[in-house]
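The block underneath contains the structure these notes are about, expressed in structure tokens.
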Amino acid sequence: MMRNTLIAMDAADRLLNWYDRHHRELPWRVSPPMARNGATPDPYHVWLSEVMLQQTTVQAVKAYFEKFLTLWPTVEDLAAAETEDVMKAWAGLGYYARARNLKKCAEAVARDHGGRFPDREEGLRALPGIGDYTAAALAAIAFNRRSAVLDGNVERVISRLFAIETPLPAAKPEMRALVSDLTPADRPGDFAQAMMDLGATICTPKRPACSLCPFRANCLALATADPETFPRKGVKREKPLRRGAAFVAIDSSNAVYLQKRAETGLLGGMTEVPGTDWTARRDGETSIEAQPFAAPWEPCGAITHIFTHFELRLSVYRANVAHAVTAANGWWEPMASLKAQALPTVMKKAIAQAIPHAFKTG
DNA sequence: AATGCGGGGTA
DNA sequence: TACCCAGCATT
């Protein structure tokens with residue numbers, strides 16, 4: 001009977017049971033025994049920690065959190081602080097827009113809300129630096145609201161628990177709905193923190209400790225696939241590297257030799273300097289044999305350009321040639337009117353590599 | 001939907 | 001090295 005009772009326990013209870021036994025003590029937390037008695041942490045503390053924890057590890061945040069509370073014990077103290085001092089105190093934590101928004105948010109809370117944070121998700125979401133995640137986390141943890149908290153950890157847990165094949169970020173609405181279904185009315189803040197603790201300590205990106213997981217009997221990914229392959233990510237296919245050479249010829253009147261690309265295909269109909277084909281072969285950049293005409297070509301470095309489907313590295317060669325040397329299909333364009341040509345960015349980069357002042361005058 | 005934004009930890 | 005981290009704002 002006890003066994004059946006345990007199996008019948010729903011996922012939230014199972015997770016909270018695990019959390020009660022394995023949660024981490026953190027400076028901004030109220031311990032689960034206190035939380036079970038209805039205690040909620042100081043919203044200012046929760047907000048400060050959540051902003052600091054955006055894309056930042058718990059370990060890195062601890063010292064900063066303590067320092068900020070010492071310098072500015074209340075949100076109104078922070079609102080009254082000099083922005084420069086806030087920036088200095090934030091230094092080293094990274095993502096400095098967070099610090100600027102932190103100050104703005106404190107000012108808004110002090111000025112518009114009487115020094116008290118809004119106690120619902122929508123009100124919080126309207127404040128500077130508070131997005132979907134932080135609004136939900138603050139509402140759940142500090143105000144005991146049944147908000148669906150979805151961060152990188154929760155995305156990983158949910159994607160594995162339900163073996164979600166939809167790649168991120170498209171899967172986020174689906175994941176949010178599942179989290180919403182799972183979130184209990186009782187202890188929603190602890191549930192959110194438990195999900196995140198689970199993702200941080202058990203359901204890790206690499207080599208998850210599935211044998212220790214409170215969801216191990218329910219996890220679809222564990223049952224049917226390799227949990228480590230979740231969450232699925234958008235196919236950011238690696239851009240192949242292509243190489244080529246570009247030849248920038250300058251005549252005695254300071255004109256540059258240009259030609260027109262084929263009308264169809266990549267950069268169709270645009271203007272270019274002569275060059276090799278762009279190939280995946282490593283020797284693509286050394287084909288001086290592809291020079292449009294004989295000249296004392298000298299290498300002058302390389303440029304890189306990212307296209308939608310590949311990355312291009314062009315070795316650039318430059319030569320000063322006698323006036324009126326020509327090749328088929330091209331023309332000599334005066335330096336002053338280069339800017340008015342239909343030169344795609346990659347070609348402007350190549351020309352600027354050969355002639356640094358090419359586009360700076362005229 | 002894609003980018004830029006810091007700095008540090010892990011496999 | 002590559003990926004990831006209690007994401008947000010902007011375009």
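Letters A, B, ... mirror the listed sequences (proteins, then strands); counts begin at 1.
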Whole angstroms only, please: what is the [atom1]-[atom2] distance between [X] and [N]?
X: A/L26; N: C/dA6; atom1: CG; atom2: C1'; value: 10 Å
X: A/R98; N: C/dC8; atom1: CZ; atom2: C1'; value: 10 Å
X: A/L53; N: C/dC5; atom1: CG; atom2: P; value: 13 Å
X: A/L124; N: C/dA6; atom1: CG; atom2: C1'; value: 15 Å
X: A/M52; N: B/dG8; atom1: CE; atom2: P; value: 15 Å
X: A/R160; N: C/dC4; atom1: CZ; atom2: P; value: 10 Å
X: A/Y95; N: B/dG4; atom1: OH; atom2: P; value: 11 Å
X: A/H23; N: C/dA6; atom1: NE2; atom2: P; value: 18 Å

Nucleotide nearest [X] when distance is taken to its side chain, options [options]:
X: A/K233; options: C/dC4, C/dC5, B/dG6; answer: C/dC4
X: A/R207; options: B/dA11, C/dC4, B/dG6; answer: B/dA11
X: A/Q54; options: C/dA6, B/dG6, C/dC8; answer: C/dC8

**Request:** Return the 5'-most residue of the pair A/K206, A/A60 with respect to DNA chain B, ranking by each residue's nearest nucleotide.
**Result:**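 Taking each residue's closest nucleotide, the earlier one in sequence belongs to A/A60.
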**A/Q59 vs A/A170, nearer the 5' end of DNA chain B by closest nucleotide** =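 The 5'-side residue here is A/A170.
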**P spacing across the pair C/dA6 / B/dC5, given as an integer number of angstrom** =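 These two P atoms come out 22 Å apart once rounded.
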Could you check whether [X] gets within reach of a base, just the sugar-phosphate, or nothing at all, counting any heavy atom under 4.0 Å?
X: A/R24; result: base
X: A/W90; result: nothing
X: A/G92; result: sugar-phosphate
X: A/L138; result: nothing
X: A/L93; result: base
X: A/P169; result: nothing
X: A/T134; result: sugar-phosphate

**Message:** Is it the case that B/dG7 (base atoms only) and A/T57 (side chain only) share a donor and an acceptor within less than 3.5 Å, ignoring hydrogens and angles?
**Reply:**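 In this structure, the two groups form no donor-acceptor pair.
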**Request:** Start with the C-alpha distance between A/R36 and A/D20, add both sets of side-chain angles, then the distance that settles salt bridge (charged side-chain N to carboxylate O under 4.0 Å, His left out), and finish with yes or no.
**Result:** CA-CA 10 Å; A/R36 279 198 301 278; A/D20 287 342; 3.0 Å; yes
**Asked** Under the 3.5 angstrom rule, does the side chain of A/T276 hit a backbone N or O of A/G244 as a donor-acceptor pair?
**Response**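 No.
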**Message:** Is there a side-chain contact between A/R156 and the phosphate of C/dC4, meaning an N or O under 4.0 Å from OP1 or OP2?
**Reply:**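 No, no such contact exists.
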**Prompt:** Is the distance from OP1 or OP2 of B/dG7 to the nearest side-chain N or O of A/Y96 less than 4.0 Å?
**Reply:**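 Yes, because at least one side-chain N or O of A/Y96 sits under 4.0 Å from OP1 or OP2 of B/dG7.
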**Prompt:** Side chains of A/E50 and A/Y133: is there a donor and an acceptor less than 3.5 Å apart?
**Reply:**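 Side-chain D/A pair, A/E50 to A/Y133: present.
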**Request:** Please say whether more than 12 non-hydrogen atoms of neighbouring residues, nucleotides or ligands are located less than 6.0 Å from CE in A/M87.
**Result:**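 Result for CE/A/M87: enclosed.
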**Asked** Could A/R232 and A/F230 be counted as a cation-pi pair, given that NZ or CZ must be under 6.0 Å from the ring centre and within 45° of the axis?
**Response**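 Yes, A/R232 sits over the ring of A/F230.
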**Message:** Quick check: closest heavy atoms across A/V30 and A/A39, and the distance to 0.1 Å?
**Reply:**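 Minimum heavy-atom contact is CG1-CB, 4.0 Å.
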**Prompt:** Quick one: on DNA chain C, does A/G129 or A/R29 contact a more 5' nucleotide (nearest heavy atom)?
**Reply:**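 The 5'-side residue here is A/R29.
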